[in-house]
Amino acid sequence: VQLQASGGGLVQVGGSLRLACAVSGRASGDFAMGWFRQAPGKEREFVAAIRWRSDSPYYGDSAKGRFTIGTDHAKSTVYLSMNRLKPEDSAVYYCAVGFAATHSVVHDYDYWGQGTQVTVSS
């Protein structure tokens with residue numbers, strides 16, 4: 001399974017970005033696709049996840065009310081739409097695929113993308 005994340009960049013406070021993560025390879029069954037982020041000197045933090053079969057979304061506290069996760073099954077892609085961005089949202093954002101029943105911690109995931117940088121300027 002390979003993941004390719006894209007869509008990061010520099011945005012002003014209050015702005016929006018949409019990240020994309022394309023999945024290729026043998027990912028089948030009820031897996032989860034998740035987004036995590038990691039700022040310098042901090043641990044990798046859960047942002048959001050979605051179960052591929054049901055499209056059920058899950059959000060970390062930092063994402064609730066501002067971020068939306070969604071899928072395009074035809075393109076094997078998961079999106080993270082981020083609105084009302086804050087400086088504390090600045091981080092490298094990683095997408096991941098996991099086959100565990102849970103989906104909110106790093107060790108729930110088996111494959112990781114390379115990360116895309118998001119910088120929110122004040």
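Worth saying up front: this structure is predicted, and the values here are computed from it rather than measured.
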Quick note, ring pair (Phe, Tyr, Trp, His ring centres under 6.0 Å) partners involving residues 14-57, not counting sequence neighbours, are Phe31-Trp52, Phe31-Phe99, Phe36-Phe46, Phe36-Tyr109, Phe36-Trp112, Trp52-His73
Same cluster (ILVMFWY, side-chain, under 4.5 Å), Tyr79 and Met33:
no
Would you tabulate the side-chain donor-acceptor contacts of residues 2-24 under 3.5 Å, counting partners in other chains and residues two or more places apart, or write 'none'?
{"from": "Gln2", "atom 1": "OE1", "to": "Ser24", "atom 2": "OG", "distance (Å)": "3.3"}
{"from": "Ser16", "atom 1": "OG", "to": "Asn83", "atom 2": "OD1", "distance (Å)": "2.9"}

Closest heavy-atom pair, Thr68 versus Tyr59, reported as atoms and distance to 0.1 Å, is CA-OH, 3.4 Å
Within the side chain of Ser62, is there an N or O that forms a donor-acceptor pair under 3.5 Å with the backbone of Gly60?
no
Output for pair (Thr102 OG1, Asp108 CG), nearest 0.5 Å, gives 3.0 Å
Does atom CD of Glu88 have more than 12 heavy-atom neighbours from other groups under 6.0 Å away?
yes
With rounding to the nearest 0.5 Å, note down the distance linking SG in Cys95 to CD in Gln114.
7.0 Å
Can Ile50 be reached from Leu80 by stepping across I, L, V, M, F, W or Y side chains whose heavy atoms are under 4.5 Å apart?
yes
Residues in salt bridge (Lys or Arg N to Asp or Glu O under 4.0 Å) contact with Asp110, at least two apart in sequence or another chain
none
Taking salt bridge (Lys or Arg N to Asp or Glu O under 4.0 Å) as the definition, give me every residue that meets it alongside Lys64, ordered by chain and number, with sequence neighbours left out.
Asp61
Separation of Leu85 CG from Ser122 OG (nearest 0.5 Å)
13.0 Å
If the condition is salt bridge (Lys or Arg N to Asp or Glu O under 4.0 Å), which residues does Arg53 pass it with, not counting sequence neighbours?
none
List in chain and number order the residues that pass salt bridge (Lys or Arg N to Asp or Glu O under 4.0 Å) with Asp89, two or more places apart in sequence or in another chain; answer none if no residue qualifies.
Arg37, Arg66
CZ of Arg51 to OH of Tyr58: how many Å apart, nearest 0.5 Å?
6.5 Å
Could you go through Tyr93 and Met82, starting from their C-alpha distance and side-chain angles, then the distance that decides it, and tell me whether this counts as side chain to side chain contact (heavy atoms under 4.5 Å, CB included)?
CA-CA 12 Å; Tyr93 284 68; Met82 306 186 294; 3.8 Å; yes
At their closest point, which heavy atom of Ser56 faces which heavy atom of Ser54, and how far apart are they?
OG-OG, 2.8 Å
Please confirm whether the backbone N or O of Val78 pairs with a side-chain atom of Thr71, one donor and one acceptor, at under 3.5 Å?
no
